[in-house]
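Worksheet: one structure, shown below.
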Amino acid sequence: MRYGDHDMSAAHSVLLVGEGNFSFSAALSRVSVEAKITATCPQRQEDVLKHEGTATNIQIIKDAGGVVLFEVDCTKLGACASLLGLRFDRVVFNFPHCGRKSGVKKNRELLKNFFLSCVQVLAEDGEVHVALCNGQGGTPADQPTRAWHNSWQVVTMAAEAQLILSAVRPFEIERVESYRCTGYRSQDKGFHVENALNHVFTRGAPYSTTPRVSVDETVDGERVQYDLPAELSDYLSRDFLSEGSIHPVRLVQDFLLKGLEERWPVTMTTRPFHFLLNAKQVPKVSREGCDTCCYVIPRHAKDPRPSTEIQQSVNKRNDHSKSSDTLGQSGTPAEGGQSGNPSNPTSRLGLDREGENRVFVLRPSLFPQMEETVARRPEGEQRDGGRVPGNHTGKEGSCDGVGVDRKEKGTRGEDCPSSTGSLFGISGLVFRDVPVDLWAPPAFHELLLRGVFPAGRDPVKTVGQALKSLLGPHGVSLAVEREGLRLMAQPMGLVGEVLPSVAGVGVSINLDLLAAVLYSLPDWRLLWSRDPRFLERFSPRPPPGKPCGAFSLFAQSFRFDISFWAGPDWEERKFHALVREASCGTAAQVTAIDTFPHPEPSKISYCYRIIYHSHSHALSHTKAIQFHRELETLLSSRLHVTIR
């Protein structure tokens, strides 16, 4: 028997609560001979037997090997002596109701207490099935949908017990022979089951506080030990781009490279790169605003300057003109993208010669690593059976410094013909200290390509058209900017750029945002979910264009405001970092609402609105309040503000 598209015919242990005349349990017992049925009701046995046909139904259940229990409170299942030590694969509650003319608030409370109770007897991978009349659940699946305040808010009530809504299916009463729904307003009459819905809930992944991560790297021959910012700890060591990965970020990269390879030879290097850059390298990767979104990482050794001074020195900008030969926000600059005084590349950051050698930043782009790889060896030198990119322009008949590694999976084995051009690429994780926003990831995977093409061709237009043919059918469009192209998609905006470089063309792609586009993900944060159900959706390696949305349906958002007094050293970026840390990544958006000066000098009031929402975890009102209070605590203890 399939109940709401969920099989109950297998050898599952099924607990049914709130039964009236036991007709559903009896019908289930007839067809699910392998299932172990335990049917319960809250009434006394003598009261239940007053319902017509109840005695016959009870006998059917017992004859099938099932168990019938009376006076079982579904909100206190953990305290039921007959259920102690038992775990059920399915817990079913059909048409819950407090009885009489109880309003929505009482029925919400019934649902919340039932969910909190049933998880005590639910198997780890079990399901909770709740059938509700059309409109009661308060989800978009109800047609018509009731006003939120007039619904039972079943998803939010389940979230109180860390349960997520995994599926909503029609309650197909015709598939359950002899089922007669009773108990409406404590009377011997049925609920209105036409267009009723069965809601299937499963356990959500637990929230976990990621411990602080210490990293030890060698940068420019120098060993550097540092602590990763707390809000970034969960982004390291995830290996989304590893060989054989089925993560959508890897699938999107493979899709892009395969499509481009049909036009030109493509070489990808798999050599690992360190996360840190010396601050003097930052101007090489920056365009407007990029040098102000770097994570500054001071060494473990104590720096004589205050940390705020180090941060401010990196934030400082000068008025030098910027080169147009760069890649944009989602990526990196193409070659030669420096501005300011070329003899002192840190001038734009405001770092002095003494400071630039002490301060490091997490890489906001892979461009320095691209330059490093390109410059490592001269053209023609053999490496791993192929050639590595050189740092000079090749002559006619060469590959202009870009060689093809024949051992790289997914690349052509032939030499790159000068008549068509060639591409060389690297990919990896990059970091941006950006405000909390729905489409602004602080860490994402960047695919960086460098292309060389024969004289007389427009490489930007050529590569742009190739990307348009690949991504256009999936909603990605090209927009002309300066001498290059921007890859745009809705609702996230910029997902990549194609711009000219000294060697030909540079391409930067934000693989995370592009994966959200190509697989119709509602939120980039889903890509970082540790819940195995997310990755299971990609085990068949679905092609781009096939929606693989959230596994937690119709999650509710919660909005809270926070106000406080801060001093003159207030830094908004630190506030956003604490929001990410305190909320365990559930903060979807932060908006500045108001600011005004205190009567006392040097104090300013700030007010922010925070929206908490998660597509991967069960987020309840109680949990959202807990996160918000943790934020208040962190603000007071770390930033020394006064909560209003």
Can you name the residues that form a side-chain hydrogen bond (donor to acceptor under 3.5 Å, both in side chains) with Asp239, not counting sequence neighbours? none
Thr202: which residues meet the side-chain hydrogen bond (donor to acceptor under 3.5 Å, both in side chains) condition with it, sequence neighbours left out? Ser166, Arg533
is_close_aromatic(Phe538, Tyr519), centroid dist under 6.0 Å: yes
Show the nearest heavy-atom pair for residues Glu217 and Phe275, with the distance to one decimal. OE2-N, 2.8 Å
Closest heavy-atom pair, Leu232 versus Pro442, reported as atoms and distance to 0.1 Å, is CD2-CB, 4.1 Å
Between [X] (side chain only) and [Y] (backbone N and O only), is there a donor and an acceptor less than 3.5 Å apart?
{"X": "Arg238", "Y": "Trp528", "result": "yes"}
{"X": "His576", "Y": "Val434", "result": "no"}
{"X": "Ser583", "Y": "Val579", "result": "yes"}
{"X": "Ser529", "Y": "Leu526", "result": "no"}
{"X": "Arg525", "Y": "Ser614", "result": "no"}
{"X": "Arg537", "Y": "Ala550", "result": "yes"}

Derivation and outcome, salt bridge (Lys or Arg N to Asp or Glu O under 4.0 Å), residues Glu446 and Arg363: CA-CA 11 Å; Glu446 179 188 37; Arg363 63 191 190 200; over 6 Å; no
Option passing side chain to side chain contact (heavy atoms under 4.5 Å, CB included) with Val463 (candidates Leu449, Val507, Asp458): Val507
Across all chains, not counting sequence neighbours, the side-chain contact (heavy atoms from CB on, under 4.5 Å) partners of Ser539 are Ile246
When rounded to the nearest 0.5 angstrom, what distance separates CG in Leu527 from OH in Tyr235? 10.0 Å
Please report the C-alpha distance between Arg450 and Ser501 in whole Å, then the side-chain angles of each, then the deciding distance to 0.1 Å, and finally whether the side-chain hydrogen bond (donor to acceptor under 3.5 Å, both in side chains) criterion is met. CA-CA 8 Å; Arg450 172 182 173 178; Ser501 72; 5.6 Å; no
Fit a plane to each ring of His445 and Phe240, take the angle between them on a 0 to 90° scale, and name the class: parallel (under 30°), tilted (30 to 60°) or perpendicular (over 60°). tilted
